[in-house]
Amino acid sequence: MEYRKLGSSNLKVSTIALGTWAIGNDFYGDVDDSKSIDALRAGIEAGINLIDTAPAYGSGHAEEIVGKAIKGYQDKVIIATKCGVYKENGNFIRDLKPTTIRKQLETSLDRLNIDVIDLYQIHWPDPKTPLEDTVTELNKLQKEGKFKYLGVSNFDQDLMNKIQKMTDIVSIQPQYSILQRGFEDDLQYVHKNNIGVLAYGPLGGGILTGKYTKQTPKLKEGDQRNNFYPYFQEPQWSRVKELVNLLEEIATDHNKPIPHVALNWVRQQDGITTLLVGSKTPEQARENADAANWNLSIDEIDKINKSYSKIFS
C-alpha cells in the first residue's frame, strides 16, 4: 500500500481509502451489514488506514457499521466523517447551523464509538447559514478536542478562499473520475495551498468497473445511483461503454481487473491524496486495495485522456 501526507496535517493516509456511502443501506440498494463489517476489516488488513463516512449515509447507519467494524482496530485507522447534511422525509437537508453541527458531532462520536474524530468535514455548503457562524462553532469543537483536523467537501474555490480566511482546512473532498473532470480546474489551487484531496466517485458509481456490459444497465430496486451519476442512461451510457472497452484492454495487458485502471488514473493525477472507494464484500475491498501496488504508464494515461476527449467532445 502507498501512503501520502494529507495536506498540512500530520496524517499519512493510504492512497486507497474505504468509502462508506453504500453501506448506509439506503442508496446503493440492499446491503448485508455483516458483509460490510467484513469488507471494512478486510480493507484495513490489506493496508487501508482511512475510512470516510457521514451521518447522511443511511441516517447514521454507515457510522454505526464503521463503529462496529473498527472495534479492536482503532489504532490502525484514521476516521473521517462529516457534518451539515441529514435526511428528512426522504430529502437531504443541508444545515450548517451551530446547534446542528454540535449535535451531529456528538452523535457521530457515539455511533463510531471513538473519543475524537481525525478529520471532520463540512459535507456540503449551506447558503442559508452564514459560514462565519459555522466556522465559529467548528473552531470551538476543535478546541474542545472533539476533532483533530477540519476539511471541506464539495466546496468551490471561492468558498475555500473564504473559509481559509477564518480557519485552517487540510483537505477538500470532490467528485473526481475519468468521467467527472470538473475538479481539474482546482488542482493547481489545492497544490498551491497545501490542501489534501480525497476524491470520491473514482469509479463513477461503479460504471467504470466493467461490470455492466449491456445497454442502459438495470439497477436493482432501491439502487438510486442513476439519480446521482448520469452515466447509467443514454446517451452517456454508450459513450462510457466505449471508454470502458479501452480500460479493459489496458487491464488485460497488465493482467489486472478493470477497476484498477480507473482507480490508478485518478491516483496518479498530481495533487490527489487518496481515493474513496466503496466495497460491499471483503473480496472487493482487497481487490481495490491492490490497485495501489502498481501504476499505469505515462503512455497509457495519455491514451485514456485522448480517448476520453474523442468520445466526449
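Numbers for residues simply follow the sequence, beginning at 1.
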[X] versus [Y]: any side-chain heavy-atom pair under 4.5 Å?
| X | Y | value |
| --- | --- | --- |
| Asp133 | Lys97 | no |
| Arg4 | Arg267 | yes |
| Ile163 | Ile122 | yes |
| Leu105 | Cys83 | no |
| His260 | Glu287 | yes |
| Val13 | Asn49 | yes |
| Thr81 | Arg111 | no |
| Thr274 | Asp52 | no |

From [atom1] ([X]) to [atom2] ([Y]), nearest 0.5 Å:
| X | Y | atom1 | atom2 | value |
| --- | --- | --- | --- | --- |
| Leu131 | Thr136 | CG | OG1 | 9.0 Å |
| Thr20 | Leu40 | OG1 | CG | 7.5 Å |
| Tyr200 | Asn154 | OH | CG | 4.0 Å |
| Arg102 | Gln104 | CZ | CD | 13.0 Å |
| Ile117 | Ile79 | CD1 | CD1 | 9.5 Å |
| Ile169 | Leu138 | CD1 | CG | 11.5 Å |

Tell me whether [X] shares a hydrophobic cluster with [Y], the cluster being built from Ile, Leu, Val, Met, Phe, Trp, Tyr side chains joined at under 4.5 Å.
| X | Y | answer |
| --- | --- | --- |
| Leu150 | Val116 | no |
| Tyr86 | Leu96 | no |
| Met1 | Val266 | yes |
| Ile207 | Phe312 | yes |
| Trp124 | Ile93 | no |

Between Asn264 and Glu300, does a side chain to side chain donor-acceptor pair (under 3.5 Å) hold up when you go through it step by step? CA-CA 11 Å; Asn264 283 341; Glu300 287 168 336; over 6 Å; no
Check residues 64-78 and write down every donor-acceptor pair under 3.5 Å in which the side-chain atom is one partner and the other belongs to a residue at least two apart or another chain.
unit_1	atom_1	unit_2	atom_2	d
Tyr73	OH	Glu45	OE2	2.7
Gln74	OE1	Gly72	N	2.9

Show the nearest heavy-atom pair for residues [X] and [Y], with the distance to one decimal.
| X | Y | result |
| --- | --- | --- |
| Leu11 | Ser9 | N-OG, 3.1 Å |
| Ile48 | Ala285 | CD1-O, 4.4 Å |
| Val197 | Gly271 | CG2-O, 3.3 Å |
| Lys82 | Pro55 | O-CD, 3.1 Å |
| Ala262 | Ile178 | CA-CD1, 3.9 Å |
| Pro202 | Leu275 | CB-CD2, 4.1 Å |

Does [X] [atom1] have over 12 foreign heavy atoms under 6.0 Å away?
| X | atom1 | result |
| --- | --- | --- |
| Gln188 | CD | no |
| Lys12 | NZ | no |
| Asp110 | CG | yes |

State whether the side chain of [X] and the backbone N or O of [Y] hold a donor-acceptor pair below 3.5 Å, judged by distance alone.
| X | Y | value |
| --- | --- | --- |
| Ser153 | Gln173 | yes |
| Gln157 | Asp185 | yes |
| Gln180 | Gly182 | yes |

Qualifying residue, where the test is side chain to side chain contact (heavy atoms under 4.5 Å, CB included) with Lys140 and the options are Glu144, Gln142, Lys143: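 Answer to the side chain to side chain contact (heavy atoms under 4.5 Å, CB included) test with Lys140 among Glu144, Gln142, Lys143: Glu144.
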Check Leu198, Leu187, Thr15, Val190 against Ile272 for a side chain to side chain contact (heavy atoms under 4.5 Å, CB included) and give me the one that passes.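 The single option meeting the side chain to side chain contact (heavy atoms under 4.5 Å, CB included) with Ile272 is Leu187.
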Could you list all the salt bridge (Lys or Arg N to Asp or Glu O under 4.0 Å) pairs where at least one residue sits in residues 243-253, not counting sequence neighbours?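 Every candidate salt bridge (Lys or Arg N to Asp or Glu O under 4.0 Å) pair involving residues 243-253 fails, so no pair, neighbours aside, qualifies.
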Going by salt bridge (Lys or Arg N to Asp or Glu O under 4.0 Å), name the residues that satisfy it together with Asp38, two or more places apart in sequence or in a different chain.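 Checked Asp38 against salt bridge (Lys or Arg N to Asp or Glu O under 4.0 Å); zero matches.
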Please report the C-alpha distance between Asp168 and Ser8 in whole Å, then the side-chain angles of each, then the deciding distance to 0.1 Å, and finally whether the side chain to side chain contact (heavy atoms under 4.5 Å, CB included) criterion is met. CA-CA 9 Å; Asp168 295 325; Ser8 59; 5.8 Å; no
Are Lys165 and Asn161 close enough that a side-chain donor and a side-chain acceptor fall under 3.5 Å?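 No, because no side-chain N or O of Lys165 sits under 3.5 Å from a partner of the opposite role on Asn161.
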Please tell me whether Glu63 and Ser108 have a donor and an acceptor in their side chains that are separated by less than 3.5 angstrom. yes
With sequence neighbours excluded, what pairs up with His123 under the side-chain hydrogen bond (donor to acceptor under 3.5 Å, both in side chains) test? none
Sequence neighbours excluded, which residues qualify as side-chain hydrogen bond (donor to acceptor under 3.5 Å, both in side chains) partners of Thr209? none
Output yes when Lys256 and Asp290 qualify as a salt bridge under the 4.0 Å nitrogen-oxygen rule, no when they do not.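 Between Asp290 and Lys256 there is a salt bridge, with a charged N closer than 4.0 Å to a carboxylate O.
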Side chain to side chain contact (heavy atoms under 4.5 Å, CB included) between Ile23 and Tyr57, worked out: CA-CA 8 Å; Ile23 70 174; Tyr57 302 161; over 6 Å; no
Tell me, which pairs form a ring pair (Phe, Tyr, Trp, His ring centres under 6.0 Å) where one or both residues lie in residues 149-199, sequence neighbours left out?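 Only Tyr176-Trp265 qualify under ring pair (Phe, Tyr, Trp, His ring centres under 6.0 Å).
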Passes side chain to side chain contact (heavy atoms under 4.5 Å, CB included), Tyr308 versus Arg181? Steps please. CA-CA 10 Å; Tyr308 169 85; Arg181 305 285 191 94; 3.3 Å; yes
Apply salt bridge (Lys or Arg N to Asp or Glu O under 4.0 Å) to Asp158 and Lys162, showing your working. CA-CA 6 Å; Asp158 287 342; Lys162 187 175 181 180; over 6 Å; no
Run Leu296 and Ile304 through side chain to side chain contact (heavy atoms under 4.5 Å, CB included) and show every step you take. CA-CA 10 Å; Leu296 295 167; Ile304 292 170; 4.2 Å; yes
